[in-house]
Amino acid sequence: MQNWGRTRRFLIYPAVNFLNNRRSNPIAANPVFNSAFGLANHRDSPLYSESEKSNLHTCFHSLRDKVVETGIRSAIRFQHRGFGSDATKIQRNPLFSTLNSEDISYFKGVLGEKNVIQDEERLLTANTDWMHKYRGSSKLLLQPRSTEEVSQILKYCNSRSLAVVPQGGNTGLVGGSVPVFDEVVINVSLMNNIISFDKVSGILVCEAGCILENLITFLDTQGYIMPLDLGAKGSSQIGGNVSTNAGGLRLVRYGSLHGNVLGLEVVLANGDVLDMLGTLRKDNTGYDLKHLFIGSEGSLGIVTKVSILTPPKLSAVNVAFLACKDYFSCQKLLVEAKWKLGEILSAFEFLDNLAMDLVLNHLEGVRNPLPPSLHSFYVLIETTGSDEAYSKEKLEAFLLHAMGAGLITDGALAQDINQASSFWLIREGLPEALMKAGAVYKYDLSLPIENMYNLVEEMRIRLGESATVVAYGHLGDGNLHLNISTPQYEDKILAQIEPYVYEWTSKHRGSISAEHGLGLMKANEIFYSKPTNVVHLMGSIKKALDPKGILNPYKVLPHSLSSSS
């Protein structure tokens, strides 16, 4: 294979237009992305054929010539030992009532026997988060089919002081969607209807239990896409997405749910229904109360319906997988991508070499799209535009510039949907790979981009050989997923991680939760990101909307504040 220089080699596939790219067409992608977490199962198909391998250099021959010419924890019961934040044991609020037979009879009268679940096996699933990190002891799972039924449930629970936990797909990572003790689980999965879609404005109105991937599929048939895309889209639900203000892979292009959600219908703790389900882009009549509930993790009310603005599906989609020699090059590449790709840049993800090793070793079907070499960092860039020729030309010009400037040392541009899916699998497969590797301490942080990787390097020095520190995330919006992988959970390792990670983040004026929320894991750590008076104001809002504190107790706000109120 011909070498293009002593230190810089760039192998790349020709750019093509992905009309059915997996980012914009989940139907076509389903054979690849078919696991419960929206991750690929690529056991039977290699990433490249032998002919592709032999022709890689030829495919990019003309681009190369241009470069030459230009010179270029047991904590399962919420004692948090060795598993997550907060070493303090949580005490059940004695003001909450205990479930009795009369309560069961009432709920059966409202929902019917079929939707009042007491089966131990089904309760075990509802009581446990998907990481098996948190487990409660709820004895009852309710499945309402309408807003009215949610209202009746909450009105009764509030009158009886029965604590409740709203639950959707239960894909959270901070213990926010499972009981802590014996709270009643209210699962909205049966509320999964698409109410309306306006093809002119692109505004979708649906119930909270709609699975994100199903919404993506529906919109694809209408020529639109969801502004939100997650690895867990196959099981996460839009109500939970809104309640946690989920970020995901498209935030760099479309922004957060605070900008895309136009309206909500919410049921308060006392059963009152707030109809804020507007579909207007502009409405300056008083306080925009929907924002209180976006990201409140079900602690202020239960979201039952959502109105969301969806962007049109654009046809020219390209995915590039690139290698960088150091983190500074990743930063510089991001700056250049914003300037030179501009309006077509739709994703900018990064992972380090330890993250790559982990996903290659622990997830079947994953292949490194680049020839074996020692690369320190990898960047995945996606562009989305309306004109194939324009997008292709713009991306190729950017890659040529990046090569010439020494910002990338190698790379590949996907040729078809399978290759594009395979590139994304590397990034989206990391959470599953970490689970398979053993115990994992997960931290979801927002930090100034220039300082972000310094924390990773300091944690490696701090932990030494006792753990593997893996870093990846949404570099385009400054979101670091810091993962510390160990053979098993140990108190001494947790003590080295916390509160150091939170202190470091606070010192650099970051956020201890970029997109996963606070849940139970970080409720007591909120002061690292918010001033005391701000947290107390949050407590006042909670008290006003939920005086008895029955909605998702022990979550979001510090336990001392919750118990005092």
(message) Return the CG to CD1 distance between Leu289 and Ile541, rounded to the nearest 0.5 Å.
(response) 10.0 Å
(request) Go through Val242 and Leu264 one step at a time and tell me if the side-chain contact (heavy atoms from CB on, under 4.5 Å) criterion holds. (result) CA-CA 9 Å; Val242 169; Leu264 295 175; 3.9 Å; yes
(message) Within the 4.5 Å heavy-atom criterion, are Leu518 and Ile512 side-chain neighbours or not?
(response) yes
(message) So which atom in Gly510 and which in Ser529 form the shortest heavy-atom distance, rounded to 0.1 Å?
(response) O-OG, 3.7 Å
(message) Just by distance, no angles: are the side chains of His481 and Glu515 close enough, under 3.5 Å, to form a donor-acceptor pair?
(response) yes
(message) Tyr554 vs Phe181, test: ring pair (Phe, Tyr, Trp, His ring centres under 6.0 Å). Steps then yes/no.
(response) CA-CA 10 Å; Tyr554 322 107; Phe181 296 104; 5.3 Å; yes
(message) Nearest 0.5 Å, please: how far is CD in Glu149 from CG in Leu154?
(response) 12.0 Å
(request) Please check if the side chain of Glu349 supplies one atom and the backbone of Leu380 the other of a donor-acceptor pair under 3.5 Å. (result) no
(message) Restricting to non-hydrogen atoms, name the atom on Ala347 and the atom on Leu345 that form the minimum distance, rounded to 0.1 Å.
(response) O-CD1, 3.6 Å
(request) Quick one: closest heavy-atom pair of Leu230 and Gly248, and the distance? (result) CD2-CA, 3.5 Å
(request) Would you check if there is a donor-acceptor pair between the side chains of Ser511 and Ser446 at a distance under 3.5 Å? (result) no
(message) Strictly by side-chain hydrogen bond (donor to acceptor under 3.5 Å, both in side chains), give each pair with a member in residues 254-266 just once, sequence neighbours left out.
(response) Thr147-Glu265, His258-His291, Glu265-Thr304, Glu265-Lys305
(request) Check whether any side-chain heavy atom of Leu351 lies under 4.5 Å from a side-chain heavy atom of Ile426, and answer yes or no. (result) yes
(message) Using modelled atom types and a 3.5 Å cut-off, is there a donor and acceptor pairing between side-chain atoms of Thr310 and backbone atoms of Gly202?
(response) yes
(message) To the closest 0.5 Å, what do you measure between NZ (Lys233) and CG (Asn241)?
(response) 11.5 Å
(message) Under a 3.5 Å distance rule, please check whether Glu382 uses its side chain to pair with a backbone N or O of Ala320 as donor and acceptor.
(response) no
(message) Main chain of Glu343, side chain of Arg253: is a donor-acceptor contact present, judged purely on distance under 3.5 Å?
(response) yes
(request) With sequence neighbours excluded, tell me which residues meet side chain to side chain contact (heavy atoms under 4.5 Å, CB included) with Val252. (result) none
(request) Could you tell me whether a side-chain N or O of Thr128 sits under 3.5 Å from a main-chain N or O of Thr125, the two making a donor and an acceptor? (result) no
(message) So Leu140 and Ile117, do their side chains get closer than 4.5 Å, heavy atoms only?
(response) no
(request) Run the ring-centre check on Tyr378 versus Tyr472 and record whether the distance is less than 6.0 Å. (result) no
(message) Minimum heavy-atom separation for Cys206 and Leu215, please, with both atom names.
(response) SG-CD1, 4.0 Å
(message) Please tell me whether Tyr500 and Glu458 have a donor and an acceptor in their side chains that are separated by less than 3.5 angstrom.
(response) yes
(message) How long is the straight-line distance from CG of Leu141 back to CG of Leu124, given to the nearest 0.5 Å?
(response) 12.0 Å
(message) Could you tell me if Ser177 and Asn170 have a donor-acceptor pair between their side chains, going purely by distance under 3.5 Å?
(response) yes
(request) For Asp229 and Leu249, indicate whether the former's side chain and the latter's backbone hold a donor-acceptor pair under 3.5 Å. (result) no
(request) Check for a donor-acceptor pair, side chain of Ser307 on one end and backbone N or O of Gly278 on the other, with a separation under 3.5 Å. (result) yes
(request) Ignoring hydrogens and angles, state whether a donor on the side chain of Asn193 or Glu207 is under 3.5 Å from an acceptor on the partner side chain. (result) yes
(message) I need the single residue from Val267, Ile302, Asn270 that forms a side-chain contact (heavy atoms from CB on, under 4.5 Å) with Ser151. Which is it?
(response) Val267
(request) May I have the step-by-step check of side-chain contact (heavy atoms from CB on, under 4.5 Å) for Ile211 and Ser235, ending in yes or no? (result) CA-CA 6 Å; Ile211 293 173; Ser235 50; 5.8 Å; no
(request) Working to the nearest 0.5 Å, report the span between CG of Leu447 and NE2 of His508. (result) 8.0 Å
(request) Would you indicate whether the side-chain heavy atoms of Met452 and Leu475 approach each other to under 4.5 Å? (result) yes
(message) Do Ile186 and Ile153 make a side-chain contact, defined as non-hydrogen atoms from C-beta onward lying under 4.5 Å apart?
(response) yes
(request) State, without any angle test, whether Tyr327 and Asn454 hold a side-chain donor-acceptor pair at a distance under 3.5 Å. (result) no
(message) Can you tell me how far apart CG (Leu455) and CE (Met459) are? Round to the nearest 0.5 Å.
(response) 6.5 Å
(message) Quiz question: by atom type and distance under 3.5 Å, do the side chains of Lys155 and Asn158 form a donor-acceptor pair?
(response) no
(message) Has Arg250 got a side-chain atom pairing as donor or acceptor with Met226's backbone, closer than 3.5 angstrom?
(response) yes
(request) Taking the side chain as every heavy atom from C-beta outward, state whether Lys442 and Ile484 have any atom pair closer than 4.5 Å. (result) no
(request) Considering non-hydrogen atoms only, spot the tightest contact between His516 and Asp444 and give its length. (result) N-OD2, 2.7 Å
(message) Would Gln143 and Ser189 count as a side chain to side chain donor-acceptor pair (under 3.5 Å) here? Give the steps.
(response) CA-CA 7 Å; Gln143 293 184 304; Ser189 298; 5.5 Å; no
(message) Quick one, Met538 and Lys530 - any side-chain contact, counting heavy atoms below 4.5 Å?
(response) yes
(message) Could you report the tightest heavy-atom contact between Phe218 and Leu204, atom names first, then the distance?
(response) CE2-CD1, 4.0 Å
(message) Run the side-chain contact (heavy atoms from CB on, under 4.5 Å) test on Val164 and Glu183 for me, step by step, so that the C-alpha distance in whole Å, both residues' side-chain angles and the decisive distance to 0.1 Å come before the verdict.
(response) CA-CA 5 Å; Val164 302; Glu183 299 91 280; 5.7 Å; no
(message) Between Asn483 and Tyr441, is there a side-chain heavy-atom distance shorter than 4.5 Å?
(response) no
(request) Applying side-chain contact (heavy atoms from CB on, under 4.5 Å), run through Phe197 and Leu219 and close with a yes or a no. (result) CA-CA 9 Å; Phe197 179 70; Leu219 288 170; 3.4 Å; yes
(request) Output yes when Lys542 and Asp546 qualify as a salt bridge under the 4.0 Å nitrogen-oxygen rule, no when they do not. (result) yes
(message) Closer than 3.5 angstrom, by distance alone: can the side chain of Asn479 be matched with the main-chain N or O of Leu445 as a donor-acceptor pair?
(response) yes
(request) Can you run down the ring-ring contact (aromatic ring centres under 6.0 Å, His included) pairs that involve residues 517-550, sequence neighbours left out, and say none if there aren't any? (result) Tyr502-Tyr528
(message) Please confirm whether the ring centroid of Tyr453 lies under 6.0 Å from the ring centroid of Phe377.
(response) yes
(message) Using a 3.5 Å distance criterion without hydrogens, assess whether the side chain of Asn552 forms a donor-acceptor pair with backbone atoms of Gly176.
(response) yes
